[in-house]
Structures are given as structure tokens and as C-alpha cells.
Amino acid sequence: MAHGKRSRQQAESTSVSLLDLDSGDMARILLLFSGHHQHHAHYGPSSPERVFECKTCNRRFPSFQALGGHRASHKKPRLADGAGAEPPKPKVHGCSICGLEFAVGQALGGHMRRHRAVAAA
């Protein structure tokens, strides 16, 4: 049997029984399967943990991703606290002939046809 699946006898002879493991190995296996193992790199005693600092407010974060999320908050306008600029006024489109105002430029265009029709007549 050079290629293909292993025979059942070969599989049984190479498998490890949980009863053959010492308590330290068993604990590591249980932690691995429980999902409580570390997902990030371990920093040894010789390498200090990196800290990422915001250049705007000097607040510090444990990861570059956390700093990036925080920095986005400096770019957002703050309307909830009441301090800040007033909301922008809606743009008004005014007729240069009669002064009538429209909220939508397309409506002003339709209105201007009236002036052209009167001027042509």
C-alpha cells in the first residue's frame, strides 16, 4: 500500500491515546480546544509591549487597530454634544429675473422657461 489511505492497523499503531498524556499536555490540549488560547503574539520579558499614541490627543492604545479606530473619531463632526457648527442651510436656487426661490435646481429650470416664453412673445 504505497499510495492512498492508511490501513486501520497502521492508524491505530500511530495514534496517541489520551491516557498516555501527562497532566501538562492534557491541560494544553484542553485549553486549545476550549478556545481560551492567546490569539496575539506573546511579548517576552526582554521585549516591552508596544504602545501606540494618538498624535492629536496623546491617548495611548495597545494596538495599531485600536489607535486607527480612535483617530477616526477626531475627523467626525460632533453634533450630539451641542457644541459645534450649526447644521448647514439647504441650498436655495433663486431666479435672477423675478427673485422666486426653489429648493431644487430642476424646478428653477422649469420656471425659467416661463420667462423665456414671455420674452419670445
Side-chain angles (χ1 to χ4, degrees):
M1 217 182 220
H3 298 290
K5 295 182 179 180
R6 295 186 302 172
S7 71
R8 184 179 197 111
Q9 184 180 19
Q10 286 175 324
E12 288 175 357
S13 67
T14 58
S15 66
V16 176
S17 170
L18 291 177
L19 298 174
D20 294 338
L21 298 174
D22 66 9
S23 61
D25 290 336
M26 179 64 78
R28 283 189 284 280
I29 289 172
L30 290 174
L31 281 173
L32 178 68
F33 286 118
S34 70
H36 286 92
H37 58 284
Q38 298 290 332
H39 291 286
H40 53 81
H42 174 71
Y43 294 102
S46 62
S47 64
E49 191 171 333
R50 291 195 61 186
V51 176
F52 299 88
E53 188 171 324
C54 176
K55 294 176 183 176
T56 305
C57 67
N58 298 326
R59 190 169 169 190
R60 295 178 178 199
F61 296 91
S63 70
F64 185 74
Q65 289 83 1
L67 172 62
H70 165 77
R71 290 199 51 186
S73 71
H74 288 299
K75 296 177 184 177
K76 292 185 214 170
R78 295 197 177 195
L79 298 177
D81 61 3
E86 296 178 20
K89 292 182 180 179
K91 186 169 181 178
V92 178
H93 303 272
C95 175
S96 59
I97 297 172
C98 67
L100 205 58
E101 294 181 341
F102 300 91
V104 182
Q106 187 175 6
L108 173 61
H111 167 77
M112 293 304 286
R113 280 195 298 249
R114 291 175 105 184
H115 291 300
R116 283 188 222 109
V118 171

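These numbers come from the heavy atoms of this one structure, side chains and all, not from hydrogens, waters or symmetry mates.
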Could I get the full list of side chain to side chain contact (heavy atoms under 4.5 Å, CB included) partners for [X], not counting sequence neighbours?
| X | value |
| --- | --- |
| Arg114 | His111 |
| Arg113 | Arg116 |
| Ala27 | none |

Original post:
In the single-linkage hydrophobic clustering (I, L, V, M, F, W, Y; side-chain heavy atoms under 4.5 Å), do Phe61 and Phe64 co-cluster?
Top reply: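 Yes; Phe64 is reachable from Phe61 via cluster members.
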Subject >> Hydrophobic cluster membership, Leu100 vs Leu108, 4.5 Å side-chain cutoff >> reply: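 Yes, it is one cluster - the side chains of Leu100 and Leu108 are joined through contacts under 4.5 Å.
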Please name the pair of heavy atoms, one in [X] and one in [Y], separated by the smallest distance, quoted to 0.1 Å.
| X | Y | answer |
| --- | --- | --- |
| Cys95 | Cys98 | SG-N, 3.4 Å |
| Ser63 | Phe52 | C-CD1, 3.4 Å |
| Ala107 | Phe102 | CB-CD2, 3.8 Å |

Subject >> Partner set under side chain to side chain donor-acceptor pair (under 3.5 Å) for Arg71, not counting sequence neighbours >> reply: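 Testing Arg71 for side chain to side chain donor-acceptor pair (under 3.5 Å), a comparison that skips the adjacent residues, returns none.
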Original post:
Which pairs count as salt bridge (Lys or Arg N to Asp or Glu O under 4.0 Å) when at least one residue sits in residues 52-70, sequence neighbours excluded?
Top reply: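 Qualifying pairs: Glu53-Arg60.
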**OP:** Enumerate the residue pairs fulfilling side-chain hydrogen bond (donor to acceptor under 3.5 Å, both in side chains) with a member in residues 90-110, sequence neighbours excluded, ordered by first and then second residue.
**Re:**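 Non-adjacent pairs meeting side-chain hydrogen bond (donor to acceptor under 3.5 Å, both in side chains): zero.
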